[in-house]
Amino acid sequence: MSERRFGILISGRGSNMVALVEAALRGEIAARPAVVISNRPKAPGLELAAGRGVETLAINHRDYESREQFDRAVVAALEEHGVELVCLAGFMRLLSPFFIRAFPDRIINIHPSLLPAFPGLDVQQQALDHGVKVSGCTVHFVDEDLDAGPIIVQRTVPVLEGDDADSLAARILVEEHQAYTEAVRLFFEDRLTVEGRVVRIRQE
Ligand code: GRF
């Protein structure tokens, strides 16, 4: 059987990327991380990926005239690496319809809130300002709307008295690494089916 592959897109630190790469190296995900691509050439995550033996590419969005031209370059690189699934892990670019149509139901994102609450940026501050008592993270398929696609896995985190955005983000991040690994593991166990906006998870 031919080896299955996934690609990871990052813009910065890359801790979720590292969680996925290490889970795959441990054999918890039945696929190989074939390439890590950053739109920022100086993203610290690129070295972390290379240090774990994963091929890396920097494709700088500033070198392209439009979002779609940049996306065409990224899609071409992903296709060259034969990836079946694209994992966005702190990738700070909106995807064009061209990109989303190139990988239907095969792009996954992680977001540090319990969607549909608090999409977008400054997510933990949004949660604190709203006064929620529980937050968490969401792994979801990506569609053409921001942070809105079908939900695969969510994990909750209590908001504690005295939390600020950083302390809440740090506690959520621990759960993100678990949730993302679980979602990608389920994908490569072929246990996910998208029905409208609902993701069905086949029981083993
Ligand atoms: C994470 O909080 C993720 O949910 C959000 O951006 C952050 C990226 O962190 N989309 P890292 O680069 O994975 O460490």
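All ligand and atom numbering here is 1-based and tracks the order in the structure. Nothing fancy with the numbering, it's 1 onward along the sequence.
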Nearest protein heavy-atom contact for [atom]: which residue, which atom, what distance?
atom: atom 9 (O) of ligand 1; value: Arg13 NH2, 3.0 Å
atom: atom 6 (O) of ligand 1; value: Gly90 CA, 3.7 Å
atom: atom 12 (O) of ligand 1; value: Gly14 N, 2.8 Å
atom: atom 10 (N) of ligand 1; value: Ile110 O, 3.1 Å
atom: atom 11 (P) of ligand 1; value: Ser15 N, 3.4 Å

Would you say Val18 ends up clustered with Phe91 if hydrophobic residues are merged whenever their side chains have heavy atoms under 4.5 Å apart, either directly or through other cluster members?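 In one cluster: no.
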
Group every Ile, Leu, Val, Met, Phe, Trp and Tyr by side-chain heavy-atom contacts under 4.5 Å, then state whether Val123 and Val132 land in the same group.
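As far as the 4.5 Å side-chain criterion goes, Val132 and Val123 are connected within one cluster.
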
Selected option - heavy-atom contact closest to atom 4 (O) of ligand 1, from Glu176, Met17, His177: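 Comparing heavy atoms across Glu176, Met17, His177, the nearest one to atom 4 (O) of ligand 1 lies in Glu176.
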
Interatomic distance, CE@Met92 vs OG@Ser38, rounded to 0.5 Å, equals 12.0 Å

Practice problem: Given side-chain contact (heavy atoms from CB on, under 4.5 Å), test Leu88 with Leu95 step by step and report yes or no. | Solution: CA-CA 10 Å; Leu88 310 183; Leu95 302 189; 4.1 Å; yes

Practice prompt. Kindly write out the residues that satisfy ring-ring contact (aromatic ring centres under 6.0 Å, His included) with Phe103, not counting sequence neighbours, or none if the list is empty.
Written response: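 Once residues adjacent in sequence are excluded, Phe103 has no partner under the ring-ring contact (aromatic ring centres under 6.0 Å, His included) criterion.
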
